[in-house]
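Since the structure comes first, as structure tokens, the remarks are kept for the end.
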Amino acid sequence: MKGFRNLVFVSALMAAGLLFAPAGSAGVLTPGTVVTSDGATRHLLLYTPDSELGAAGPKGKLPLVLVFHGLRLSAQQMADSGSGQIWKKAADGLLPDVGTGGFYVAFLNGSGQVTSNGPATLGTWNDCEASRFNNVSTANDVEFVRAVVGKLSEVKPDGTAALIDSSRVYSYGISNGAGMALRLGREAGDVVAAIAAIANVDPAAANDECPLLPPRRPALIVHGTADLLIPYTAPRCLLGGCRRGHLETVEIWRTGSEGKVQNALPTVFAKSLVTARPAGTAADTTRIACTQYVRKLPAATTPPANVDVRVEACTVTGGGHLEPSILTYVGAVGEAIFGKQNNDAESVVQAWKFFRRHQKGK
């Protein structure tokens, strides 16, 4: 049953049109491998932004965004998806509100049931769920991340500088990949500066195998109220695979964050006049609203860029198991399978705007 569900999940994503997205990124996507501390060879795709191409060496150590695919998908599929294409464009500074500094994007590949032999191998993430209902992996994915960051931040024997700024490493994931991002935010605070989790929550206490190592890193957590795969409200228990609800997860991250979270600032997105929905498609009836929990009291209602937002919680009223996006649309088939997609916010842009507030050690 589990294998059938996974096959349906992958096939449905392809049918939903997630592999079609606006082109235009100018950087280079390169396959790579790392060997973890336990001897496993793991795979990734590294996107080098256009700003770094053609130079004698790196112009300056850049931030790194680690991107985690969903259940039984691959790094290649994530890089080719609408979300992946937008991450590449953002890394090149081709989108509004992302700045022009540039950053690297690493699309990591989950572990297959037997082996992970390339960036196109379907895999899952070991995301703290002790029941293994949604993931069968027992791979040490935290060590995989450590190996990737270590490789990209090392100085080469010839004196070539490190590619990345290891104090500005971030993780972004959807579904099972969001569970992995959440794991990193609570277990690998020495590696990641902030995380973004789309359409997932923490496991319930009895189903949680991850160590509790406070403080939790700053987190952007986005969830749709009509998500049928990982419901917005608790309890959600299937064969012992219990998870917390969205609000309970946010409260744990808020109270477990580093520093005292002093107040909450709500943000409601205006209905977007720009959308990738083709003419004749049913209108977007969902709404997205976010609350920013800050460590420092701002002088204004809307916090400036330097205000320390520790947790940003976004609820997509009526939204399903999908990333909000203005620039891409999953299609009618995708919405029929996964629920409604919000087209008022760009989840990649929101994540980067959240990430760039944070640096490890601050």
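What you see is a predicted model, and the numbers here were worked out from it, not measured in a lab.
Linking ILVMFWY side-chain heavy atoms closer than 4.5 Å, directly or via other members, places Val65 and Leu95 in a single hydrophobic cluster. Using a 4.5 Å cut-off between side-chain heavy atoms of Ile, Leu, Val, Met, Phe, Trp and Tyr, with links allowed through other members, Leu247 and Trp253 fall into different hydrophobic clusters. Leu182 and Val142 end up in the same hydrophobic cluster when Ile, Leu, Val, Met, Phe, Trp and Tyr side chains are linked at under 4.5 Å. Cluster annotation: Tyr172 and Ile326 are assigned to distinct hydrophobic clusters (Ile/Leu/Val/Met/Phe/Trp/Tyr, side-chain heavy-atom contacts under 4.5 Å, transitive).
Remark: Leu322 CG to Ile174 CD1 distance equals 7.0 Å, nearest 0.5 Å. To the nearest 0.5 angstrom, Met180 atom CE is 14.5 Å from Ser175 atom OG. In this structure, Arg217 CZ and Leu184 CG are separated by 12.0 Å, a value rounded to the nearest 0.5 Å. Between atom CG of residue Leu94 and atom CD1 of residue Ile86 there is a gap of 12.0 Å, rounded to the nearest 0.5 Å. Distance check, rounded to the nearest 0.5 Å: SG of Cys290 to CD1 of Ile221 gives 11.5 Å. In this structure, the separation between CZ on Phe68 and CG on Asn200 is 13.0 Å, given to the nearest 0.5 Å.
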Practice task
Take Arg244 and Asp208, measure what salt bridge (charged side-chain N to carboxylate O under 4.0 Å, His left out) needs, and give me the verdict at the end.
Solution key: CA-CA 10 Å; Arg244 302 180 189 273; Asp208 193 342; 5.1 Å; no
Exercise for the section: Test Leu71 against Leu229 for side-chain contact (heavy atoms from CB on, under 4.5 Å), laying out the working first. Expected result: CA-CA 11 Å; Leu71 185 73; Leu229 294 181; over 6 Å; no
Exercise for the section: With side-chain contact (heavy atoms from CB on, under 4.5 Å) as the test, would you mind laying out the steps for Val333 and Ile337 before giving the verdict? Expected result: CA-CA 6 Å; Val333 174; Ile337 296 170; 3.9 Å; yes
Problem - Audit row: Ile230, His321, side-chain contact (heavy atoms from CB on, under 4.5 Å) steps and yes/no - result: CA-CA 7 Å; Ile230 301 180; His321 194 72; 3.9 Å; yes
Exercise for the section: Please lay out, stage by stage, how Arg186 and Asp202 fare under the test side-chain contact (heavy atoms from CB on, under 4.5 Å). Expected result: CA-CA 10 Å; Arg186 54 190 286 196; Asp202 283 341; 4.1 Å; yes
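At a threshold of 4.5 Å between non-hydrogen side-chain atoms, the residues Leu327 and Val348 do not count as touching. Residues Thr328 and Glu323 have side chains not in contact (no heavy-atom distance under 4.5 Å, counting atoms from C-beta outward). Annotation: side chain of Tyr104 is not in contact with side chain of Pro63 (no heavy-atom distance under 4.5 Å). In this structure, Asn342 and Asp284 have side chains that are in contact, with non-hydrogen atoms separated by less than 4.5 Å. Looking only at side-chain heavy atoms (C-beta outward), Pro31 and Gln76 stay at 4.5 Å or farther from each other. You'll find the side chain of Ser272 stays beyond 4.5 Å of the side chain of Asn343, heavy atoms only.
Closest of all the heavy-atom pairs between His69 and Ser74 is CD2-C, 3.4 Å. Shown here for Ser83 and Met78, the closest heavy-atom pair between the two residues is OG-CE, 3.7 Å. The two residues Val222 and Pro324 come nearest to each other via the heavy atoms CG1-CG, 4.2 Å. Summarising the geometry of Thr124 relative to Ser137, their closest heavy-atom pair is OG1-CB, 3.3 Å, with the distance given to 0.1 Å. For Lys61 against Ala162, the heavy-atom pair with the smallest separation is CG-O, 3.3 Å. Closest approach of Tyr170 to Ala193, counting heavy atoms only: CE2-CB, 3.7 Å.
At least one donor-acceptor pair closer than 3.5 Å links the side chain of Arg287 to the backbone N or O of Phe269. No donor-acceptor distance shorter than 3.5 angstrom exists from the side chain of Asn126 to the backbone of Asn140, with no hydrogens or angles considered. In terms of modelled atom types and a separation under 3.5 Å, the side chain of Lys151 and the main chain of Thr33 share a donor-acceptor contact. With hydrogens and angles disregarded, no donor-acceptor distance shorter than 3.5 Å links the side chain of Asn207 to the backbone of Glu129. Of the possible donor and acceptor atoms, none in the side chain of Gln77 sits under 3.5 Å from a partner among the backbone N and O of Ala120. Side-chain atoms of Thr41 do not come within 3.5 Å of backbone N or O of Val35 as any donor-acceptor pair. Side-chain atoms of Asn109 do not come within 3.5 Å of backbone N or O of His43 as any donor-acceptor pair. Judged purely by atom type and a 3.5 angstrom limit, Glu335 uses its side chain to pair as donor or acceptor with the backbone of Gln341. The backbone N or O of Ala226 sits nowhere less than 3.5 Å from a side-chain atom of Lys340 that would complete a donor-acceptor pair.
Evaluated for a side chain to side chain contact (heavy atoms under 4.5 Å, CB included) with Val309, the options Leu220, Val294, Leu265 yield exactly one hit, Val294.
Relative ring orientation between Trp125 and Phe144 is described as parallel, the plane-to-plane angle staying below 30° on a 0-90° scale split at 30° and 60°. Ring geometry for Phe354 versus His358: interplanar angle of 30 to 60°, hence tilted. Between Tyr232 and His223, the ring planes lie perpendicular to each other; the angle is over 60°, past the 30° to 60° tilted range. Ring pair Phe103/Trp352 is parallel by interplanar angle, where below 30° counts as parallel and above 60° as perpendicular.
Salt-bridge check for Lys353 with Glu312: failed, with every basic side-chain N at 4.0 Å or more from each acidic carboxylate O. Between Asp127 and Arg243 there is a salt bridge, with a side-chain nitrogen of the basic residue lying less than 4.0 Å from a carboxylate oxygen of the acidic one. Electrostatic pairing of Asp190 and Arg146 counts as a salt bridge here, judged by a charged N lying under 4.0 Å from a carboxylate O.
Looking only at atom types and distance, the side chain of Asp92 has a donor-acceptor partner in the side chain of Tyr47 under 3.5 Å away.
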